[in-house]
S.K.: 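I have a structure here, written as structure tokens, and I will follow up with some questions on it.
Just the heavy atoms: all of them, side chains too, but no hydrogens, waters or symmetry mates, feed the values below. Please read these numbers as outputs of a predicted model, since none were measured by experiment. Note that ligands are numbered from 1 as they come in the structure, with each ligand's atoms numbered from 1 the same way. Numbering starts at 1 and runs along the sequence shown.
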Amino acid sequence: MIALYPGSFDPLTYGHLDIIERAARLFDRVVVAVLRNPAKVPLFTVEERLSQIQKAVRHLDNVEVEAFNGLTVTVARRLDARVLLRGLRAVSDFEAELQMAQTNRTLATEIETLFLSTSTEHSFLSSSLVKNIAAAGGPVSHMVPEHIEKELRTRFAGEPL
Ligand code: ADP
């Protein structure tokens, strides 16, 4: 079975990577789909995020990464993915995730959204938190893979604290 894991991944954190690694043990194929969202101004371009994630999942044979526009269920149908995978951290994630899952179900009844709960050590982690800490010159090496930490450092180098 194929699972699609959609998100912004701006940037990928160890929380995302943990979900990907656990999903790779459950499904035949996992496709990480980076959303091209014209409504959001991301820190990293889609191409940068694709390459960051590809590097981080190199050790996983059954994981692929691609970019997409538009509806998640349309991509899932194209890839023949029956599962949309999302991560749940805290109750605060629940409302929006439930709304999205139910909406996607009205758009494609054959596709199920499955949630993996975060591992305790990653429950506080979010891409926004990582960006805020990195922007203020703080350490993020325990939150993101090394190559992403480097890119964050380069991106924020020279910015006033
Ligand atoms: P989106 O903009 O679609 O929410 P994100 O990159 O923020 O994209 O998140 C993608 C998915 O990964 C979401 O389901 C989110 O709840 C989940 N996620 C993010 N951080 C973590 C974490 N630390 N542990 C588990 N799941 C997470």
Side-chain angles (χ1 to χ4, degrees), residues 2-27 29-57 60 63-76 78-79 81-108 111-135 138-149 151-152 155:
I2 303 168
L4 186 74
Y5 181 33
S8 312
F9 307 106
D10 185 39
L12 176 94
T13 68
Y14 279 136
H16 295 127
L17 192 56
D18 174 59
I19 298 284
I20 297 169
E21 286 172 344
R22 286 159 57 202
R25 293 198 288 270
L26 292 173
F27 297 96
R29 258 177 80 202
V30 176
V31 181
V32 181
V34 181
L35 177 64
R36 240 179 236 286
N37 185 352
K40 273 193 187 175
V41 181
L43 177 65
F44 294 108
T45 65
V46 167
E47 288 66 33
E48 285 168 331
R49 282 177 271 159
L50 282 176
S51 120
Q52 291 169 349
I53 303 169
Q54 267 152 0
K55 215 165 165 183
V57 301
L60 301 166
V63 176
E64 294 147 50
V65 190
E66 66 167 79
F68 76 104
N69 287 307
L71 285 178
T72 310
V73 292
T74 307
V75 190
R78 173 169 60 75
L79 296 170
R82 287 297 170 87
V83 169
L84 292 181
L85 202 63
R86 298 285 290 176
L88 276 184
R89 280 162 293 189
V91 184
S92 48
D93 277 340
F94 184 76
E95 203 173 333
E97 290 293 342
L98 186 67
Q99 186 183 34
M100 204 171 355
Q102 288 176 334
T103 305
N104 280 331
R105 203 163 151 67
T106 66
L107 298 172
I111 298 172
E112 291 289 352
T113 300
L114 292 186
F115 298 101
L116 287 183
S117 60
T118 181
S119 298
T120 329
E121 68 269 32
H122 300 127
S123 59
F124 67 97
L125 245 184
S126 73
S127 300
S128 319
L129 192 77
V130 166
K131 284 183 280 195
N132 289 342
I133 295 174
V140 291
S141 58
H142 55 306
M143 297 178 173
V144 296
E146 203 181 331
H147 63 282
I148 297 177
E149 185 208 354
E151 287 185 45
L152 281 163
R155 188 57 56 101

S.K.: Heavy-atom count check: over 12 atoms from other residues, nucleotides or ligands less than 6.0 Å from Arg82 CZ?
M.R.: no
S.K.: Assess whether salt bridge (charged side-chain N to carboxylate O under 4.0 Å, His left out) is satisfied between Glu48 and Arg155, documenting all intermediate values.
M.R.: CA-CA 12 Å; Glu48 285 168 331; Arg155 188 57 56 101; 2.8 Å; yes
S.K.: Around atom CD of Glu47, are there more than 12 heavy atoms of other residues, nucleotides or ligands at under 6.0 Å?
M.R.: yes
S.K.: For a quick check: using heavy atoms under 4.0 Å, what are the residues in contact with ligand 1, sorted by chain and number?
M.R.: Tyr5, Pro6, Gly7, Ser8, Phe9, Gly15, His16, Ile19, Lys40, Arg86, Gly87, Arg89, Asp93, Glu97, Thr118, His122, Leu125
S.K.: Check the pair Phe115 / Asp93 against side-chain contact (heavy atoms from CB on, under 4.5 Å), numbers first and verdict last.
M.R.: CA-CA 11 Å; Phe115 298 101; Asp93 277 340; over 6 Å; no
S.K.: In terms of relative ring orientation, are His122 and Tyr14 parallel, tilted or perpendicular, with 30° and 60° separating the classes?
M.R.: tilted
S.K.: Does CZ belonging to Phe124 count more than 12 external heavy atoms closer than 6.0 Å?
M.R.: yes
